[in-house]
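Chain letters run A, B, ... following the sequence lines, proteins first, then strands; residues in each count from 1. The figures that follow rest on heavy atoms only: side chains count, while hydrogens, waters and symmetry mates do not.
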Amino acid sequence: MEIRDTLSSSLKEIETREGKRLYMFVCGPTVQDDPHMGHARTYIFYDVLARYLRYRGIRLFYLMNITDIEDHIITKMKETGRSWEDITATYSSRFFDVMEKLKIRSVNYYAFATDFIEEIISQIKRLMKKGYAYETSDGVYYRARKFKEYGRLSKQNLDQLMAGARVEVNEEKEDPLDFALWKKKKEREPSWQSPWGEGRPGWHIEDTAITESIFGPNYDIHGGAKDLIFPHHESEIAQMEAISRKRPMVKYWIHTGHLNVDDIKMSKSLKNFVTVEEALKNYWPEAIRIMMLSMKYNAPVNFEEKAAADAQGTAERIAILQHRVDDSPELKTERAVEAVMKIFAPLESDMNTPETMREIVSFVKDSLAKKGLTIQEKGEIRYVLSEVEKVLGIVHTPPLPERSLNVLLELRNELRKKGDFTSADRIRESLNSRGIKIEDTAEGSYLWW
RNA sequence: GGGUAGGUGGCAGAGUGGCUAUGCACGGGACUGCAGAUCCCGACUAUUGGGGUUCGAAUCCCCACCUACCCUCCA
């Protein structure tokens with residue numbers, strides 16, 4: 001399959017290592033606030049990428065870092081008076097909770113930055129030895145211009161870049177472009193021992209220390225959202241390649257587009273942050289996944305009520321189809337396999353999930369239109385939906401209704417037969433208020449949510 | 001100022017040289033006690049502007065205009 005690589009800005013065929021192995025690293029969150037829809041957008045895409053690569057038989061190791069020490073966390077400490085441990089424990093557990101709710105379970109290992117302090121220090125030492133780093137009164141910095149490829153990933157001309165309104169307070173730095181590898185401790189900040197005194201790591205070095213420890217100096221896919229290209233990923237390349245001299249650090253750089261809210265960039269200053277928990281109050285996880293997958297991964301996604309409601313409708317239609325066929329065992333026939341291939345084919349060209357969604361919607365529509373499905377047809381549809389679920393995670397399966405609910409449903413049907421619609425409607429309303437929908441069909445009624 | 005990605009019907013959004021997606025919204029109908037959901041039929045029928053290449057362009061090339069994002073912490 002082909003994927004667009006940011007560094008070469010061209011499509012590249014994905015090649016695996018020996019034994020069909022592939023190493024992927026994706027930049028995780030800084031655990032200092034509730035996960036928002038931007039996180040959902042990014043991590044849903046990489047989840048589907050990981051699922052699809054594995055579906056194709058690739059033995060993927062998917063690694064994600066968790067930034068648990070960083071300026072924002074310190075700001076949060078000062079604002080709230082809470083301890084570092086308290087903040088990072090709270091928000092990392094919320095992050096994992098949200099990932100689980102969104103059916104993102106493809107990550108093999110979450111690496112917390114502070115578990116890699118030794119490796120970080122080792123990398124900084126090596127950079128100093130090679131002349132890429134220098135110490136000042138407040139930290140250790142990387143000599144960006146010494147690495148001649150700096151700017152290649154983001155296609156930035158370093159001198160033009162300088163024209164931007166770059167506010168630099170630090171007079172000790174040799175060049176405003178230089179970035180921190182180690183920050184020396186200030187009053188009441190969490191800190192670790194190092195050859196440069198107590199302090200904490202810079203942001204960019206966390207990731208290269210983690211990936212070097214787990215994957216070595218070279219690996220295959222590095223993902224993240226677009227805003228990380230500069231300076232974060234640019235600096236990662238500078239660090240790792242300066243240390244190892246083994247190029248390229250990664251073979252495929254993938255960057256996802258942002259999430260806008262009502263066409264406006266989501267930002268703290270505009271107070272238009274939508275958390276995942278808020279969105280989940282109104283929409284199924286499957287609907288959120290569908291919404292994200294309805295646009296190409298590198299384009300911006302707009303989160304607005306209409307788009308979300310559309311996605312919810314699609315998710316419900318898939319769920320209705322699933323309900324119609326779940327009394328038959330899966331049946332893998334040639335016809336079913338062909339249908340699956342048709343659905344996944346667009347993923348081969350740069351993960352064209354919108355096209356795949358279109359194929360699914362059209363498959364679901366055709367299947368719903370068929371009256372009186374045979375056992376075989378049901379089994380085939382079930383097989384297709386199950387494959388779709390494996391890769392995309394968009395088939396909503398309602399939990400089995402409790403006995404008491406079924407009793408209510410039967411009672412309502414009896415009331416309907418008798419013509420007591422007032423009481424029947426009261427039951428429907430009561431169930432609706434609990435988020436449970438009643439589906440009256442020609443073959444009878446059932447509950448779902 | 002530099003960079004990246006784009007400009008497709010009322011809206012959202014695919015399609016990379018010929019067969020003009022799909023969804024939502026809209027009109028009519030079926031089913032239903034009703035509502036919702038589902039299904040059927042229908043109408044509208046687009047490719048930012050201007051040049052060029054071609055038998056033929058939304059699709060390739062050039063110019064112009066416009067938009068979003070990045071260059072500052074950010075998924």
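The pairing partner recorded for C26(B) is G42(B), the criterion being a Watson-Crick or G-U wobble arrangement whose two distances lie under 3.5 angstrom. Nucleotide U47(B) is matched to nothing when pairs are restricted to Watson-Crick or G-U wobble geometry with both distances under 3.5 angstrom. The partner of A5(B) is U67(B), judged by Watson-Crick or G-U wobble contacts that both fall below 3.5 Å. The base-pairing partner of U59(B), taking Watson-Crick or G-U wobble contacts with both distances under 3.5 Å, does not exist among the strands shown. A35(B) is unpaired under the criterion used here, namely a Watson-Crick or G-U wobble arrangement in which both key atom distances are under 3.5 Å.
Side-chain N/O atoms of D425(A) and base N/O atoms of G33(B) include a donor-acceptor pair closer than 3.5 Å. Donor-acceptor pairing under 3.5 Å, judged by distance alone, is absent between the side chain of N260(A) and the base of A68(B). Residue-to-nucleotide contacts include a donor-acceptor pair under 3.5 Å from the side chain of R428(A) to the base of A35(B).
Comparing G313(A) and Y43(A) by the nucleotide of RNA chain B whose heavy atom lies nearest to each, the residue mapping closer to the 5' end is G313(A).
A donor-acceptor contact closer than 3.5 angstrom is absent between the side chains of N260(A) and N302(A). Looking at D47(A) and Y62(A), their side chains never bring a donor and an acceptor atom within 3.5 Å of each other. No hydrogens or angles considered: a donor-acceptor pair under 3.5 Å links the side chains of Q239(A) and T208(A). A donor atom on one side chain and an acceptor atom on the other are not found under 3.5 Å apart for D34(A) and T275(A). Side chains of H233(A) and D207(A): no donor on one and acceptor on the other come within 3.5 Å. Between the side chains of Y150(A) and Q156(A), not a single donor N or O lies within less than 3.5 Å of an accepting N or O. In summary, the side chains of N352(A) and S349(A) do not present any donor paired with an acceptor at a separation below 3.5 Å, with no hydrogens or angles considered.
Going from the C1' atom of A21(B) to that of U45(B) covers 12 Å, rounded to whole Å. Rounded to the nearest Å, the gap between the P atom of C70(B) and that of C55(B) is 45 Å.
The T30(A) side chain lies nearest to A75(B) when the options are C70(B), C34(B), A75(B).
Between R317(A) and U38(B), a side-chain N or O to OP1/OP2 separation shorter than 4.0 Å is present.
In this structure, L158(A) places its CG atom 13 Å from P of G3(B), rounding to the nearest Å.
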Listing time: all N or O pairs from protein to nucleotides 4-14 of chain B that are below 3.5 Å?
unit_1, atom_1, unit_2, atom_2, d
A14(B), O2', E355(A), OE1, 2.2

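Among the protein residues, R426(A) comes within range of no part of the nucleic acid, since none of its heavy atoms lies under 4.0 Å from any strand. Using a 4.0 Å heavy-atom criterion, one finds that H232(A) contacts no nucleic acid atom at all.
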